[in-house]
Number of protein chains: 2
Amino acid sequence: MSVKCINCPLRKSDLFHKMSSETLEFMQRFKVGEMEVEPGTPLLSEGSNAPQLYTALSGMGLRYKLLENGSRQVISFVFPGDFLGLQAGVMKEMTHSVEATTAMKLCVFDRKELWSLFRTIPDRGFDLAWLAATEERFLGEALTSVGQKSALERMSWALARIFRRLKATTPAAGDLVRLPYRQQDLADALGLSLVHTNKTLAKLRERQLATWSDGKLSVPNLARLEELALIENPELPTRPLM
Amino acid sequence: MSVKCINCPLRKSDLFHKMSSETLEFMQRFKVGEMEVEPGTPLLSEGSNAPQLYTALSGMGLRYKLLENGSRQVISFVFPGDFLGLQAGVMKEMTHSVEATTAMKLCVFDRKELWSLFRTIPDRGFDLAWLAATEERFLGEALTSVGQKSALERMSWALARIFRRLKATTPAAGDLVRLPYRQQDLADALGLSLVHTNKTLAKLRERQLATWSDGKLSVPNLARLEELALIENPELPTRPLM
DNA sequence: CGGGGAATTGACGCTGTTCAATACTGGTGG
DNA sequence: CCACCAGTATTGAACAGCGTCAATTCCCCG
């Protein structure tokens, strides 16, 4: 039994723009169904031309690129409310892969309808451009972090960004959020070795800026963490929900 | 005297999609004028909400972010045909700055008309989403290069990408293209120090894979350079011209 | 002729990598 | 019930790629 868009639990979060009832109706028609996947399931593959687009409803995932030499760059973490497959939607193919890290529930859309979306509801077309521009924004910041910051600063940056994002859409108890990734995932996201990632996390723990163990991240003093991370604009903008 | 879109010299390049005559007419109306700037002129600033959008007609520039600690990440190089200001157009503000490196000529558009573009010419709205998705694609690749590759591989990656892009839109004599940046610019793009950038360039020169001096880049064997750069998909896709 | 920006080169050291050993966990099959 | 195993986290030690410091050269421009 598929959730109706009008009852979508994500809409309760202040993170997302309010949707007009017409838009809501359109999205309901655009929506093909729902999908539940196990941890480790590939959702989209680099080079493929996926026929489907998704919005993550629950669970978490990873976007990444693989190199011939075996290394992996994690492009970003996928959280509830994120839209997946935009690249396949507007270009011919994906340039990175996406997979589920935990069990996930996803809202499924038909890629073929994307064009009608631009034609019939320009607002939504604009929203898609907005989303793509936001990805660009995020990746520019990630590139800056990996290119210019020390390991400790990078790690602080990632944990601070993740913490704010998760507090906005997942149940959080005080300064604790669930973060069910492996240290290797963070390492691949930040361009660090696994060993040094571990040691850097230990430093943040000693300094009582961030503690991440057993799948739970605790940030007792977000402002100080963001300061160390050289984050200039900590608030995350509200965004459209597809 | 402003160039009419229909006579735009960039349209001759195979790099860009063909434009319908209706689209061409719309763009002509969308176009406010032209701008010529000196080397070093700031075009868009991080944090600002620029009222104008640009398409680079000639000359070259830089997109970059500055950190509090004084370091600079070059996000990408700006070449003829690139569209500038999309972020300011769809979000409230720019998240990086853009400045002219050489003298540039730019086509100027009015940001306020962007919304009417989505409404009246959905094709162009789609093209904008396409452009944003392409930026995302590029930045994902840049992040992967900076995060996972050695200095030599990164440098090869940058020079190979730049070389192909420049051959597509600027006059090139054989394996020679004009590349009027400083080594510091490349260094800031790749997350390397200036000194190591210099030494890495020397290595590429010794190996006769790429020679960049006096503002001119020569790549005698592109395939080998791209192989060293771990580039999986070397051809650059054709793209919309705004 | 003087000065500032850019490129080049050598010496040295630090940040982060690689190698390796240990411990802890949950899952599996005897 | 327990031995076994694979995946993950942790920690120490040695090493190296790249950064920092510094000096020199070249070139353009005033």
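Protein chains get the first letters and strands the later ones, always in sequence-line order, with residue 1 at the start of each.
In this structure, A:D188 atom CG and C:dT17 atom P are separated by 11 Å, rounded to whole Å. Distance B:H196 NE2 to D:dA16 P: 14 Å, rounded to the nearest Å. The nearest whole Å value for the distance from the CG atom in A:L186 to the P atom in C:dG16 is 15 Å. Look at CZ on B:R154: it is 13 Å from P on D:dG17, rounded to the nearest Å. One can place CG of A:L217 at 17 Å from C1' of D:dA9, the figure rounded to the nearest angstrom. Between the CG atom of A:L152 and the P atom of C:dG16 there is a distance of 9 Å, given to the nearest Å. Protein atom CG of B:N69 is 11 Å distant from nucleotide atom P of D:dT20, rounded to whole Å. Between the CD atom of A:Q184 and the P atom of D:dG7 there is a distance of 13 Å, given to the nearest Å.
Within the 4.5 Å cutoff, the side chain of A:H96 has heavy atoms near those of the A:M94 side chain.
For A:R182, taking side-chain heavy atoms from C-beta onward, the closest of the listed nucleotides D:dT8, C:dA7, D:dC18 is D:dT8. You'll find that the side chain of A:S150 is closest to C:dG16, out of C:dT18, D:dT11, C:dG16. Which of D:dG19, C:dT8, D:dT10 sits closest to the side chain of A:Q183 comes down to D:dT10. Across C:dG16, C:dT8, D:dT11, the shortest atom-to-atom separation from the side chain of A:A151 is found for C:dG16. Here C:dG10 is the nucleotide among D:dG19, C:dG10, D:dT8 with the atom lying nearest to any side-chain atom of B:V195. Here the nucleotide nearest the side chain of B:S193, chosen from D:dG19, C:dT17, D:dA9, is D:dG19.
When each of A:K199 and A:W212 is assigned the nucleotide of DNA chain D bearing its nearest heavy atom, the one mapping closer to the 5' terminus is A:W212.
Phosphate proximity of C:dA7 to B:N198: absent, as no side-chain N or O sits under 4.0 Å from OP1 or OP2.
The residue A:S213 sits apart from the nucleic acid: no heavy atom pair falls under 4.0 Å. Counting non-hydrogen atoms under 4.0 angstrom, A:L194 reaches nothing in the nucleic acid. Counting non-hydrogen atoms under 4.0 angstrom, B:G191 reaches the backbone sugars and phosphates but no base.
Using a distance-only test at 3.5 Å, with no hydrogens or angles considered, no donor-acceptor pair links the side chain of B:K12 to the main chain of B:T169.
Within a 6.0 Å radius of CZ in B:R239, other residues, nucleotides and ligands contribute more than 12 heavy atoms.
A donor-acceptor pair shorter than 3.5 Å cannot be found between the side chains of A:R154 and A:S145.
Using a 30° and 60° split on the angle between ring planes, B:Y181 and B:F79 fall in the perpendicular class, above 60°.
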